[in-house]
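Shown next, in structure tokens, is the structure this report addresses.
Numbers here are sequence positions counted from 1.
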Amino acid sequence: MIYEFSINKTKYFFDGTSLELYKDYLPEKEKGSIPLFTCTPNILGTALILVSELCNGRCQYCYQREQKTYFQSSIMDKKSAEQIIHFLTTNYSEINTVSFFGGEPLLNYKIMQFIVENLQKQMSVKNYEITTNAILIDERMIQFFIRYNFKVIISIDGPPQIHNDLRIGCPHNKVIEVIQKLKNSPIKDRIVLNCTYTKYHTENISYNELLKYFENIGMRYSISEVFTNKKSFNLVGKKITEQEKISQIYENLCNFPLNESSNEYVTPVITALVEKIGNPFFCAGLGNNSQILFDSKGKQYPCISLLYKYGANDNRINVYNEKKNKFCSKCWAKWLCTDCIAPYVKREKNPPYIQDNCPRKELYAYSLKQLIFYYHNDIEKFKKIITNFYRYK
């Protein structure tokens, strides 16, 4: 499976089987198949634990609160926590990442602390992380995060006026106060700021101004598009193409080294060319049981998008997650392709790759050509892109 393209009349050949890139000519004998991401049976990739479904904030764009499919006014009790600990320590010898979220997980700090301390006693956990609005973080929590080397993902949507308008109950000055404390802590390189990008942003601040705001804070950050059904905040209808998004991400990687934003067309292209490892599933987190989500009652689900609707071992997940259909089998981008399969499992729409003219293939081609354009025309910019992509990985 070869994809051929040209940059300034120079021919390039990408071998979709070996993930090798060739310039000027294609060797007569193709290389063999490449290794695929796999999951060792007794090692769990990620355990996502929903310790609190309550939240102390009222984000304007929160579709989950409106639909009442997420917030169930519940926090995890000790019994449910013990069940989760027992399941994890019984079935696995190691976990790569234990991630706490909500709602606001720090509304149930004691249970989160209880889970971490007990897992540490009984098994190996490489990484802990928490996604939080930061309002409740105090000195004892900071010391706890330092002790267990937490990655702390803090929700902040930009400058004061924009953040305060969007994230009611989470005042900007309080969030910045916590960020400054963490910036001066031993885990400063484990802090990531996360901005949810909405239609409101496009109407009140330019994208470059938003980037400069986060760069001036001086900490790692990512900007992700809002996921909401609220039309006043939804980006649907805004005239920005997937190609423009891809180009923007490469420019960000080149010019804004603290920006960790990426997408499903940029990340696989870079990792394939550098690491030579392919994706056997559209969603790696749902492949080979590499991820488990626990709700506040200790029940298991595959991911946040399928919470409360589909069990962790639902057969429909494999049907849509495996790349065994006839169209993918002959696609040069097969091992690059990643996708959220939740909308297909829920029958909200049909997957694009059940047809010959799958549009995703063209977007991977565009992303590949954009990256090699830098390599061909400005090797220093290319090196910056790769260096910044892997800076904190």
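Counted by atom type alone, Thr97 and Thr46 present zero donor-acceptor pairs between their side chains at under 3.5 Å. A donor atom on one side chain and an acceptor atom on the other are not found under 3.5 Å apart for Gln248 and Glu244. Looking at Ser261 and Asn259, their side chains do bring a donor and an acceptor atom within 3.5 Å of each other. Using modelled atom types, one finds a donor on one side chain and an acceptor on the other under 3.5 Å when comparing Asn255 with Glu251. A side-chain donor from one of Ser247 and Gln370 sits under 3.5 Å from a side-chain acceptor of the other. A donor-acceptor contact closer than 3.5 angstrom links the side chains of Ser93 and Asn42. Using a 3.5 Å distance cut-off with no hydrogens or angles, the side chains of Thr338 and Glu264 do not pair a donor with an acceptor.
In the displayed structure, Lys23 atom NZ is contacted under 6.0 Å by more than 12 heavy atoms of other residues, nucleotides or ligands. Enclosure of atom CD in Glu322 by more than 12 non-hydrogen atoms of other residues, nucleotides or ligands within 6.0 angstrom is indicated. Other residues, nucleotides and ligands contribute at most 12 non-hydrogen atoms within 6.0 Å of the OH atom of Tyr375. By the neighbour-count criterion of 12 heavy atoms within 6.0 Å, atom NZ of Lys346 is densely surrounded, having more than that number from other residues, nucleotides or ligands.
Between Arg167 and Ser155, some side-chain heavy-atom pair lies under the 4.5 Å cut-off. Contact of the Tyr213 side chain with the Glu215 side chain is not registered, since no non-hydrogen atoms from C-beta on lie closer than 4.5 Å. Side chains of Thr132 and Phe101 form no contact here, defined as non-hydrogen atoms less than 4.5 Å apart. Looking at heavy atoms from C-beta onward, Trp332 lies out of side-chain contact with Lys334 at the 4.5 angstrom threshold. Contact annotation: the side chain of Tyr320 never approaches that of Phe282 to less than 4.5 Å [non-hydrogen atoms, C-beta and beyond]. At a threshold of 4.5 Å between non-hydrogen side-chain atoms, the residues Lys181 and Ile142 count as touching. Side-chain contact between His163 and Cys170: present, with at least one pair of heavy atoms (C-beta onward) separated by less than 4.5 Å. Between Leu286 and Phe281, every side-chain heavy-atom pair lies at or beyond the 4.5 Å cut-off.
Here the closest non-hydrogen pair linking His201 and Thr196 is CE1-O, 3.0 Å. Residues Cys337 and Lys323 approach most closely at O-NZ, 2.6 Å, considering heavy atoms. When all heavy atoms of Ala134 and Ile154 are compared, the pair lying nearest together is CB-CG2, 3.8 Å. When all heavy atoms are compared, the tightest approach of Ile137 to Lys174 is O-NZ, 4.3 Å. Between Asn325 and Tyr353, the shortest heavy-atom contact is OD1-O, 3.3 Å. When all heavy atoms of Gly287 and Asn321 are compared, the pair lying nearest together is N-ND2, 3.7 Å.
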Full working for side chain to side chain donor-acceptor pair (under 3.5 Å) between Gln113 and Tyr148: CA-CA 10 Å; Gln113 185 181 28; Tyr148 294 103; over 6 Å; no
Verdict with supporting geometry, Ser222 and Asn194, side chain to side chain donor-acceptor pair (under 3.5 Å): CA-CA 5 Å; Ser222 66; Asn194 183 61; 3.0 Å; yes
Steps toward side chain to side chain donor-acceptor pair (under 3.5 Å) verdict (Asn208, Ser206): CA-CA 5 Å; Asn208 277 342; Ser206 73; 5.9 Å; no
Evaluation steps, side chain to side chain contact (heavy atoms under 4.5 Å, CB included), between Leu88 and Leu44: CA-CA 9 Å; Leu88 292 175; Leu44 179 63; 3.8 Å; yes
Worked check of ring pair (Phe, Tyr, Trp, His ring centres under 6.0 Å) between Phe144 and Tyr109: CA-CA 10 Å; Phe144 175 75; Tyr109 170 71; 5.6 Å; yes
CA sep, side-chain torsions, deciding dist, call: Phe87, Tyr92, side chain to side chain contact (heavy atoms under 4.5 Å, CB included): CA-CA 8 Å; Phe87 175 85; Tyr92 303 99; 4.0 Å; yes
Test side chain to side chain donor-acceptor pair (under 3.5 Å) applied to Glu4 and Tyr22, step by step: CA-CA 10 Å; Glu4 179 182 341; Tyr22 300 98; over 6 Å; no
Candidate pair Lys383 and Glu380, rule salt bridge (Lys or Arg N to Asp or Glu O under 4.0 Å), full reasoning: CA-CA 5 Å; Lys383 289 178 180 178; Glu380 291 306 313; 3.8 Å; yes
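In terms of modelled atom types and a separation under 3.5 Å, the side chain of Ser80 and the main chain of Asp77 share no donor-acceptor contact. Judged by distance alone, with hydrogens and angles left aside, the side-chain atoms of Asn184 form a donor-acceptor pair with the main-chain N or O of Gln180 at under 3.5 Å. Lys276 contributes a side-chain N or O that, together with a main-chain N or O of Leu273, makes up a donor-acceptor pair within less than 3.5 Å. Side-chain atoms of Ser185 come within 3.5 Å of backbone atoms of Leu182 as a donor-acceptor pair (strictly under, hydrogens ignored). Glu94 contributes no side-chain N or O that, together with a main-chain N or O of Val125, makes up a donor-acceptor pair within less than 3.5 Å. A donor-acceptor pair under 3.5 Å is formed between the side chain of Ser290 and the backbone N or O of Gly285. A donor-acceptor pair under 3.5 Å links the side-chain atoms of Asn204 to the main chain of Tyr200, judged by distance alone. A donor-acceptor distance shorter than 3.5 angstrom exists from the side chain of Ser367 to the backbone of Tyr265, with no hydrogens or angles considered. Checked by atom type and distance alone, the side chain of Tyr344 never pairs as donor or acceptor with a backbone atom of Ile317 at under 3.5 Å. Checked by atom type and distance alone, the side chain of Tyr12 never pairs as donor or acceptor with a backbone atom of Tyr3 at under 3.5 Å.
Placement of Ile153 and Val98 in two distinct hydrophobic clusters is found when ILVMFWY residues are connected by side-chain heavy-atom separations under 4.5 Å, directly or transitively. The hydrophobic clustering, which links ILVMFWY residues whose side-chain heavy atoms are closer than 4.5 Å, places Ile168 and Phe233 apart. Both Ile379 and Ile270 are part of a single hydrophobic cluster, where members link through side-chain heavy atoms under 4.5 Å apart.
Of the charged side-chain nitrogens involved, none lies within less than 4.0 Å of a carboxylate oxygen, so that Lys79 and Glu82 do not count as a salt-bridged pair. A salt bridge links Asp339 with Arg360: the closest approach of a Lys/Arg side-chain nitrogen to an acidic carboxylate oxygen falls below 4.0 angstrom. Classification of Asp295 and Lys297 as a salt-bridged pair fails, no side-chain N sitting under 4.0 Å from a carboxylate O. Remark: Glu242 engages Lys245 in a salt bridge, criterion side-chain N to carboxylate O under 4.0 Å.
Ring geometry, Tyr128 versus Phe150: the interplanar angle falls under 30°, so the pair is classed parallel (tilted spans 30 to 60°).
Phe100 is linked by a ring-ring contact (aromatic ring centres under 6.0 Å, His included) to nothing, counting only residues two or more places apart in sequence or in another chain. With sequence neighbours excluded, the residues satisfying ring-ring contact (aromatic ring centres under 6.0 Å, His included) with Tyr207 are Tyr197.
Between Phe214 and Tyr221, a ring centre-to-centre spacing shorter than 6.0 Å is recorded.
For the salt bridge (Lys or Arg N to Asp or Glu O under 4.0 Å) with Glu260, the lone residue among Arg220, Lys151, Arg391 that qualifies is Arg220.
To the nearest 0.5 Å, atom CZ of residue Phe389 and atom OH of residue Tyr250 are 9.0 Å apart.
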